[in-house]
Amino acid sequence: MSATPAAVNQMPREHYLNATWGIRSWLLTTDHKRIALLYLASVTFFFFIGGAFATMIRIHLLSPKGLLVTPETYNKLFTMHGVAMIFFFLIPSIPAVLGNFLLPIMIGAKDLAFPKINLLSWYIYLVGGCFVLYSFSTGGLDTGWTFYTPLSSVYSNSAVTPAVLGVFINGFSSILTGLNFIVTVHTMRAPGMTWFRLPLFVWAQYATSIIFILGTPVIAITLLLAGLERVFHLGFFNPALGGDPILFQHLFWFYSHPAVYIMILPAMGVISEIIPTFARKPIFGYSFIAGSSIAIAVIGFFVWAHHMFVTGESTYAALTFSLLSYLVAIPSAVKVFNWTSTLYKGSISYDTPMLYALGFIGLFLIGGLTGLFLACLGLDIHLHDTYFVIAHFHYIMVGGAVMGYVGGLHYWWPKITGKLYPEFLARIAAITLFLGFNLTFFPQFILGYLGMPRRYASYPPEFQVLNVMSTAGASILALGYLLPMIYLTWSMRYGAIAGPNPWPGTGLEWRTPSPPPTENFDVTPEVTWEPYDYDNRPDLGLDVSGAPALAHGDD
Amino acid sequence: MSEQHSEQHHIASPTLYLTIFAALMICTFLTVVAAKIDLNQYFSGLNIIVALTIAVFKASLVVLFFMHAKYSPKRTQLVIIASVFWLAIMLFMTMSDYVSRSWT
Ligand code: HEM
Ligand SMILES: [Cu+2]
């Protein structure tokens, strides 16, 4: 369906990319769309850093004794991989890039509520990033991304202090973004854009912002306390100083479990936009999807101690948290069922974003269900701190969140740049990613189940075959990431002109030129239609002719 | 969406501020005095309970008057209450672990 005749489309004469020129016009911009691109560049940078560490980990694990580095260095590799990927890539990725770009446009606003604070958040991110890079390059970090005390606060000989400061500082960037989004959604919706006409992506960003605001202060202060204990020997978590190490874990996971939803919720929002577009159908159960985002955000705060089942928390607390963890699977399942129901009798086309969306559903399903395995107290005693956990969260974070991010980048790339990417190549890349991903991480489920612990630099020889498979998969995966980076960049200059609504989609963002003008809309739009209402949108130029969509794709 | 909150900018009198300040000072004094007395002999943990009660009272005064929460729109008050509630969740569920550690 994407074969919109390019001849009729023209790039708008003036848009946000060419409205002003020069490096200052970027570094001092308050345009949410430009800030989104600044974030795009910086999170991509950290993705490369995290990716480089991941590559070294996988190469090292090719042989049972370890190929590449000493055990001490190995500790640093997986730690720096986790810190770069979680705090500096995945958490900001969808909110700060796609959310920043789209949220105001989707609700018909000219910008976010606080444009300068938006720019400030990017600078704060950079400052935090510099601290962390300083830590990485002056001795590295070996505590695990979880910074457990007393290792981080007493025993570690690596550069912990700059790292915790960096994550602490970066937290304020998240808080400001969350604040900005919440205020914007409350106060800047265009006429007719009622709460239940908001695109589901906006609902997801809203739910994410709630977590940002309620959770991030806790991790920031907790890491600061660990830093203070390390530098000034104040007793918070160190038993020798009268502290309690498990307290650190409580405070850390009070944020970091909700944080995993910071990573997945926005991706779910992306999927909720892509599926109706390429099924040509109104989304099934709009209010349930919207409500389940909020439910996930809230319930996500009640399950954190499922990370501590075997680290010394009381059995009764463990029982409670196990039960509560099962609850959080309900709203997640609600979404999966709604997406699949949307596909039913849809007029499905397999454009690239749709491939990512379908991949997301399958991979998230596996990730979520294995989460239930882990939430089961008895089973977790066997599985805790094995590769099963690694596989579980990579299925969700890479298979789910990163797939959602890359899929969303493809879906809105024509809007962001005004250009189309090469569709055939993009489909190949999507399939490559899917295959590479599964080859990398599925063996890890088996490894973990067989008992291979995580965070060890060596392993018994009988695990070698599965590890080699995993490393082979990782190289395919890397190719799958490089391809989009290359052709997306290429398309900015050489791609076909996209036109305002190439797919076509129903949201407000598709009713303004691509790329949009600095003010987003030439006239403030008025919303008179329901979301995803493909049946009643003659303006999209789809041939619906009153009849329900056929079950077969029409391309 | 223009949301007019009928928030007349409330101007609190200097006397009120001084009264609150005096109250805070007295509470600080009370905290110090209470810390010097061994209340735990009457009831285990009483010292910390007294200290925290005074501290919460002081914090409420600061939030209500110095931070103008008392004169703020309902929605701001809701946000404050929600955050305190979230803090309570964190403390309550964390304590549920500590309290039940020794159970068998
Ligand atoms: C569907 C509901 C989910 C349940 C019931 C669940 C359950 C669990 C449990 C019990 C663990 C601890 C395993 C252990 O250490 O022994 C765990 C670990 C983890 N989960 Fe999930 N999970 C769910 C969804 C998610 C999501 C959506 C994400 C990320 C976007 C995620 C990311 C993680 C991470 C990062 C860890 C490991 C943290 C670490 O120790 O480094 N989980 N999960
Ligand atoms: Cu968790």
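Naming: A, B, ... by sequence-line order, numbering from 1 per chain.
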Working note: B/W86 + A/F254, criterion ring pair (Phe, Tyr, Trp, His ring centres under 6.0 Å); need CA distance, chi angles, decisive distance, verdict. CA-CA 11 Å; B/W86 235 256; A/F254 180 80; 8.2 Å; no
B/K70/B/F65 under side-chain contact (heavy atoms from CB on, under 4.5 Å): CA gap, chis, key distance, verdict: CA-CA 6 Å; B/K70 192 167 188 295; B/F65 295 99; 3.6 Å; yes
Chain B heavy atoms under 4.5 Å from A/I210: which part of the residue, side chain, backbone, both or neither? neither
Looking only at side chains, do A/H306 and A/Y326 share a donor and an acceptor under 3.5 Å apart? no
At a heavy-atom distance under 4.5 Å, which candidate from A/L214, A/L251, A/I246 has the highest pair count against chain B? A/L214
is_close_aromatic(A/W203, A/F196), centroid dist under 6.0 Å: yes
With a 4.5 angstrom heavy-atom cut-off, could you sort out which part of A/F321 is near chain B: side chain, backbone, both or neither? side chain
Checking heavy atoms, do the side chain of A/L247, its backbone, both or neither come under 4.5 Å from chain B? both
